[in-house]
Amino acid sequence: MQDLFDGDAKRGEQFRICWDDFYVDFSKNHLTQETLTLLTELAEECQLNEAMSHYFGGSVINATEGRAVLHTALRAPRNQDVRVDGENIIPGVHAVIDQIKSFSQGVIDGTITSSSGQPFTDVVNIGIGGSDLGPVMVTEALAHYKTHLNLHYMSNVDGDHVMEVLQNVTPETTLFVVVSKSFTTQETLSNATTAKQWLVDALGEQAVADHFVAVSTNLTMINDFGIDPQNVFPMNDWVGGRFSLWSAVGLSIALGVGPDHFEELLQGAHAMDTHFANTPLHENIPVVLALINLWYNNFYGAESEAIIPYTQYLHRLPAYLQQGIMESNGKSVDREGNAVDYQTGNLIWGEPGTNSQHAFFQLIHQGTKLIPAHFIGFKTPLHGKQDHHDKLMANFFAQTEALMKGKSAETVRSEGVEESLVPFKVFAGNKPTTTLLIDKLTPSSLGKLVAMYEHKIFVEGILWNIYSYDQWGVELGKQLANTILKEIVNKKGGAHDSSTSCLLRTYKG
Ligand code: F6P
């Protein structure tokens, strides 16, 4: 890469995309113009543009589940027309947005109260996977914009996790939002049942109607659970769980940061949708990022992609993207059902900088693995602590330069290092990074960022010829867990391998 920079003084200006409040620098990658042209041709050969019109247009692109994939419709303006089975879904989308806005505003300003007439102080979101990770990530990311409501998240079926949440809230002023697209998820139903019992023990059965609301597609199951149908925020089966934060699943976001900020988040995502839908491939941010990832994954054998946000606010972004990316593109059969003979979805991991510099950066700088990384930073801090921000951003810029340039043995020697230590102080360099420099962390810029990754997932799925919107791979473990749970509860052994049998005997005593 150093040679590429030496040979072209304008490389930093040529390999970048400036769009809106985003500056995406992909010059510190193993790419030439020819590479990019060839990768773009690959995308054309895969009929990416045609696939994009099916994606935005509501075709059944989630073929193995027989569904359209329309998270983009959830942030479309009121005047847009998107059809599913011949019906324009946008009026319904906006009816739910209006319902979210009025309910969250009522809870925030205290006109919607608890069973004892007190304003709510705390909200517990009960959900897992896409019914948890998006709302947590966003409310953490937008903590600067928070309302007076304290948001808590109950996801794991671990009873210790449940009790830790419950012991930090009071029944009289706590609202529970039960979020489950299917309303059949073991973790969510178990946790909601425990939370409901805890509330009933304290306030009586009649309090449930005021303290529990639900988000789901499964209205029958919600009714069976005992949540008032008036307290239901519907979602549609054309929204995948991991892409659902824009739907009624975003209710906790609206409660946590206010309905106006929730709306700005949607508008930001829509702006990225428009960029993605209308921009030529070589200037299209999600497309270029997907092509770069494919380049390392399939041509260099890179196994992972690190996401390093230089803001503590985005500390849950890597976890959120782990589901988004790995649940989508962790597939090993192509669209015809044949085993692929090439690598598909890569590992996603990361932590905020500068903390991560003091944890795993050693391996990125001097380890044997190739780890392409995304560095995400913001020009303006939210609390105005410019001295801190300059230090944070100095590290942000220094790391990508250091990873690219490295440090030669000659340079190390010239610093007077003893010869026996020289090999240990050499940095090979040539480590690829892509830098996203964004003006400011706002609801709108966060919406753009998340939508950018959603579209990158889509493009990668097209290039790899896999179905990105199902997740059959999570089912087997769930089925076995149900079988094992019955054996544990009934104290009966089952037919298992010797390892699992011994472990179960040890657990059950
Ligand atoms: O883990 C599988 C999964 O289906 C995810 O795709 C989904 O986000 C999560 O479970 C939760 O599902 P639900 O919202 O239906 O409870």
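Order of appearance sets the numbers: ligands from 1, and atoms from 1 within every ligand.
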Which side-chain N or O atoms in residues 225-238 pair as donor and acceptor under 3.5 Å with protein atoms at least two apart or in another chain?
| unit_1 | atom_1 | unit_2 | atom_2 | d |
| --- | --- | --- | --- | --- |
| Asp228 | OD1 | Gln230 | N | 2.9 |
| Asn231 | ND2 | Ala209 | O | 2.6 |
| Asn231 | ND2 | Phe212 | O | 3.3 |

With distance as the sole test, does Thr147 use its side chain to make a donor-acceptor pair with the main-chain N or O of Leu149 at under 3.5 Å?
yes

Parallel under 30°, tilted from 30 to 60°, perpendicular over 60°: which one fits the rings of Tyr300 and Trp295?
perpendicular

Measure the acute angle between the ring planes of Tyr145 and His261, then classify it against the limits of 30° and 60° as parallel, tilted or perpendicular.
perpendicular

Does the ring centre of Tyr453 sit less than 6.0 Å away from the ring centre of His374?
yes

How would you list, by chain and number, the residues with a heavy atom under 4.0 angstrom from ligand 1?
Ile128, Gly129, Gly130, Ser131, Ser180, Lys181, Ser182, Thr185, Gly241, Gln323, Glu327, Gln471, Val474, Lys478

Counting only heavy atoms not in Lys440 (residues, nucleotides, ligands), do more than 12 fall under 6.0 Å from its NZ?
no

